[in-house]
Amino acid sequence: MSSLIITGGYPVSGEVQVQGSKNAVLPLLAASLLVKGTTVIEHCPDISDVTCMLEILKSLGCTVLRDKETVIIDAEILGRSAVSRQNAEKMRSSISLLGALLGREGRARIPLPGGCSIGKRPVDLHLMALRCLGAEIEEKDELYAVLRKCHSAEIVFPYPSVGAVQNVILASVVSSASIVMRNCAREPEVEELCMFLNRAGANIRGGGTDTIIVTGVKKLCEIRYIVRSDRIVAGTLLSMAAATQGDITVKGIDPFELSAVTNVFANMGCQVKLYTDAISLRADGRVRCLPLLKTLPYPGFPTDMQSQLISVLIQARGTSVVRETVFENRLGIVPELRRMHADIVVNRREQAAIIRGRDKRYLHAAELMAPDLRAGAALVVAAMAVEGTSTIKKSEYVERGYENMAQLVRSVGGSCQVLSE
Ligand code: EPZ
C-alpha cells in the first residue's frame with residue numbers, strides 16, 4: 001500500500017504536457033487483438049491499468065514490447081481466448097476484451113468484471129447488444145461467449161454506455177455484417193476507437209456522435225497510432241489551479257473535449273483561456289458556488305470530474321449542489337473531505353452532495369483514504385488547497401490513472417512525496 005504526503009495552502013502554477021488518455025488507450029489495446037500483425041501505440045500512459053491490460057494481452061499469446069510511452073503489440077498468433085480471473089479482477093476494462101475476442105476468435109471467456117466502489121457496474125447493455133449481433137452468451141461466474149457469424153443488426157441503446165458501444169464496434173468491425181447503433185455514447189474515447197480502427201482499414205462512420213454505422217471489413221492492417229491526451233487528467237490539473245487560486249496551463253489537449261468543465265470553472269469566476277491545443281486556468285480569490293451541477297454523459301459535465309469539482313467547491317462562496325447521475329455510488333469523497341472540516345452533506349436518494357463553501361482558514365489538513373481513482377485524485381486537489389500536511393492512503397488507486405501524481409503536483413510547484421508501506 002502507498003500514501004501521498006501533501007503540504008498545501010498556497011497557489012500553484014505551471015505548464016504541464018498532459019499524459020496519454022487511460023480511457024482512450026485501454027480499448028485501443030483491446031482492439032490490437034483484431035490486427036493479425038503489429039500495432040504500435042504512442043503516447044501510451046505509464047499507469048497500472050495499462051500494465052494490467054498488457055499482461056492480459058500477453059496471457060492471450062501476444063508479444064508485447066514497451067519503451068517508455070511506446071507500446072508494440074504483435075497479435076499475429078493468439079493462443080487463448082480466455083482471460084484469467086486474477087487479471088480480470090484487477091480492472092474493470094477487461095470487459096472490452098469480450099468484444100475484441102469475439103471479433104478475432106469468435107469466442108471468449110471473461111470473468112464477470114467485479115463491481116467497484118462507484119457502483120455495481122452491470123454489463124447487461126454489453127450482453128444485450130452483443131446478442132443482437134448473434135452472440136450466444138452464458139452468464140455464470142464467468143461470461144462464456146460464442147459468435148459464429150456476426151449478423152447485421154440495428155441496435156438502440158437504452159442508455160449511452162461507453163463500454164457497450166465499444167464492445168459492439170470491436171465485435172463487428174472485422175465481419176461481413178453492417179451494424180447501425182443509435183443513442184450511442186459520444187465520449188471522445190468512442191471517437192478515438194473509431195479513428196484508430198479506421199486508420200487500420202475499418203469502415204466506421206459517426207464515431208463521437210449518437211449514431212454509429214459499422215460496415216465490417218475482411219481484415220485490419222498494421223498501424224502506428226498516437227493516442228490522444230487524457231482529458232480527465234487535464235481537468236484534474238485545472239482543478240488544482242481553481243482550488244489553490246493558482247494559474248495552470250495544460251498542453252497537448254483539445255479544449256473542445258473539456259468544454260463542459262471549462263464552462264463550469266468560468267461560471268465559478270475562474271479566468272479560462274482556450275488555445276488550439278492547450279487550456280489555461282487562473283483563479284484570483286475564492287470561486288463562486290454552483291446552485292446545481294449534474295454529471296451527464298458526454299458532452300455534459302463528466303462524472304470522472306465530479307469529485308475534483310467538489311474538492312474545489314468546499315471553499316466556494318455560497319452553497320453548491322452536485323448531483324451524480326451516471327454512477328449510483330460515486331460520492332465516496334464526501335466523508336474524506338468532512339475530515340478536513342468541509343461542510344458537506346449527502347442526499348442519498350438524489351445522489352447529491354450539498355456543499356457549503358468555507359474559507360480555507362476553516363479547512364484542515366487530515367489523514368485521508370482514497371476511496372477510488374478519481375476521488376483519490378480529488379483528495380490531492382483538496383490537500384493542495386489547505387494549510388498543513390495531509391496524508392492520502394491507498395494512493396495506488398490514483399496510480400491506476402495518473403502516471404506519477406507526486407511528480408505532477410511538484411511540476412506545478414506543489415509539495416508531494418510518496419510513502420510506500
Ligand atoms: C467508462 O466506463 C470509463 N471507463 C469511466 O471512467 C467513465 O466514468 C464512464 O465510461 C462514463 O464516461 C473506461 O473507459 C475504462 P458506461 P464504462 O458503460 O464504459 C451503467 C474512470 O474513472 N451501465 O458508460 O463502464 C453503468 O453502471 C472510469 O476513468 C449499465 O447499467 O461506463 C453506469 O451507471 C470510471 N449496464 C453507466 O451505465 C451496462 O451494461 C455508465 O456506464 C453498462 C453500463
Side-chain angles (χ1 to χ4, degrees), residues 1-4 17-35 38-75 78-101 110-111 113-114 116-118 121 163 166 170 189 192-193 196 224-233 236 304 370 372-374 376-377 380 392-408 418-421:
M1 190 164 94
S2 62
S3 302
L4 294 173
Q17 193 70 34
V18 180
Q19 72 176 59
S21 166
K22 167 179 91 76
N23 291 348
V25 81
L26 289 172
L28 299 196
L29 293 171
S32 70
L33 289 172
L34 296 166
V35 176
T38 301
T39 300
V40 180
I41 294 177
E42 296 182 8
H43 198 215
C44 181
D46 183 8
I47 53 178
S48 54
D49 269 14
V50 165
T51 303
C52 185
M53 181 63 97
L54 294 178
E55 285 308 309
I56 294 175
L57 294 180
K58 275 191 241 176
S59 73
L60 296 171
C62 297
T63 307
V64 172
L65 293 174
R66 183 173 200 170
D67 174 16
K68 297 191 186 67
E69 294 184 335
T70 299
V71 168
I72 304 170
I73 298 134
D74 182 343
L78 291 190
R80 300 182 64 219
S81 58
V83 175
S84 74
R85 175 170 303 287
Q86 182 204 358
N87 279 325
E89 280 171 347
K90 278 187 207 154
M91 62 169 200
R92 156 138 187 109
S93 337
S94 50
I95 188 70
S96 58
L97 289 155
L98 176 59
L101 285 168
I110 311 265
C116 57
S117 54
I118 64 176
R121 312 298 292 276
Q166 290 171 333
L170 292 167
E189 294 76 30
E192 183 81 318
L193 177 61
F196 170 87
R224 173 184 291 271
Y225 194 84
I226 302 173
V227 73
R228 67 181 67 190
S229 296
D230 194 308
R231 61 192 172 104
I232 303 303
V233 170
T236 305
D304 293 350
D372 60 67
L373 161 57
R374 302 302 175 185
V380 170
I392 301 171
K393 293 191 170 166
K394 288 198 173 179
S395 60
E396 53 275 15
Y397 270 123
V398 178
E399 290 159 18
R400 285 191 45 214
Y402 295 78
E403 276 186 332
N404 183 336
M405 179 59 95
Q407 176 51 40
L408 208 52
V418 182
L419 184 67
S420 299
E421 281 117 28

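Atoms considered below: every heavy atom in the structure, side chains included; atoms not considered: hydrogens, waters and symmetry mates. The shown structure was predicted, so the numbers you read here are calculated from the model rather than taken from an experiment.
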Using a 3.5 Å distance criterion without hydrogens, assess whether the side chain of S84 forms a donor-acceptor pair with backbone atoms of N87.
yes
Pair Y397-S117, side-chain donor/acceptor within less than 3.5 Å
no
Separation of I73 CD1 from C44 SG (nearest 0.5 Å):
7.5 Å
Would V233 and Y402 count as a side chain to side chain contact (heavy atoms under 4.5 Å, CB included) if you check the C-alpha gap in whole Å, the side-chain angles of each, and the deciding distance to 0.1 Å?
CA-CA 7 Å; V233 170; Y402 295 78; 3.7 Å; yes
Side-chain ion pair, R66 and D46, N-O less than 4.0 Å
yes
Of all heavy-atom pairs linking I118 and R121, the shortest is CD1-NH1, 3.7 Å
Scanning both residues in full, the closest heavy-atom pair of S59 with R80 reads O-CD, 3.5 Å
In terms of heavy-atom contacts, V83 and A88 come closest through CG1-CB, 4.0 Å
Under 3.5 Å, sequence neighbours excluded: what are the donor-acceptor pairs made by side chains of residues 22-35?
residue	atom	partner	partner atom	Å
S32	OG	L29	O	2.5

Find the distance between SG (C62) and CG (D74) and round it off to the nearest 0.5 Å.
7.5 Å
Point-to-point distance, once rounded to the nearest 0.5 Å, from CE of M1 to OG of S420:
10.5 Å
Are the side chains of F196 and V227 in contact, using a 4.5 Å heavy-atom criterion?
no
Do L97 and L170 have side chains that get closer than 4.5 Å, going by heavy atoms?
no
Worked check of salt bridge (Lys or Arg N to Asp or Glu O under 4.0 Å) between E189 and R231
CA-CA 10 Å; E189 294 76 30; R231 61 192 172 104; 2.8 Å; yes
Is any side-chain heavy atom of Q19 closer than 4.5 Å to a side-chain heavy atom of I47?
yes
Can you confirm whether more than 12 heavy atoms, excluding those of I226, are under 6.0 Å from its CD1 atom?
no
Worked verdict on V418 versus L4 for side chain to side chain contact (heavy atoms under 4.5 Å, CB included):
CA-CA 5 Å; V418 182; L4 294 173; 3.8 Å; yes
Other residues, nucleotides, ligands: >12 heavy atoms within 6.0 Å of Q86 CD:
no
Is there a side chain to side chain contact (heavy atoms under 4.5 Å, CB included) between I232 and T236 once you walk through the steps?
CA-CA 6 Å; I232 303 303; T236 305; 4.2 Å; yes
Assess whether side chain to side chain contact (heavy atoms under 4.5 Å, CB included) is satisfied between I110 and L101, documenting all intermediate values.
CA-CA 10 Å; I110 311 265; L101 285 168; 4.2 Å; yes
Mind checking the CE-CD spacing from M405 to E399? Nearest 0.5 Å is all I need.
10.0 Å
Indicate whether the side chain of S48 and that of E396 have a donor and an acceptor atom separated by less than 3.5 Å.
no
Quick check against the 3.5 Å criterion: does E192 have a side-chain atom that pairs as donor or acceptor with the backbone of R228?
yes
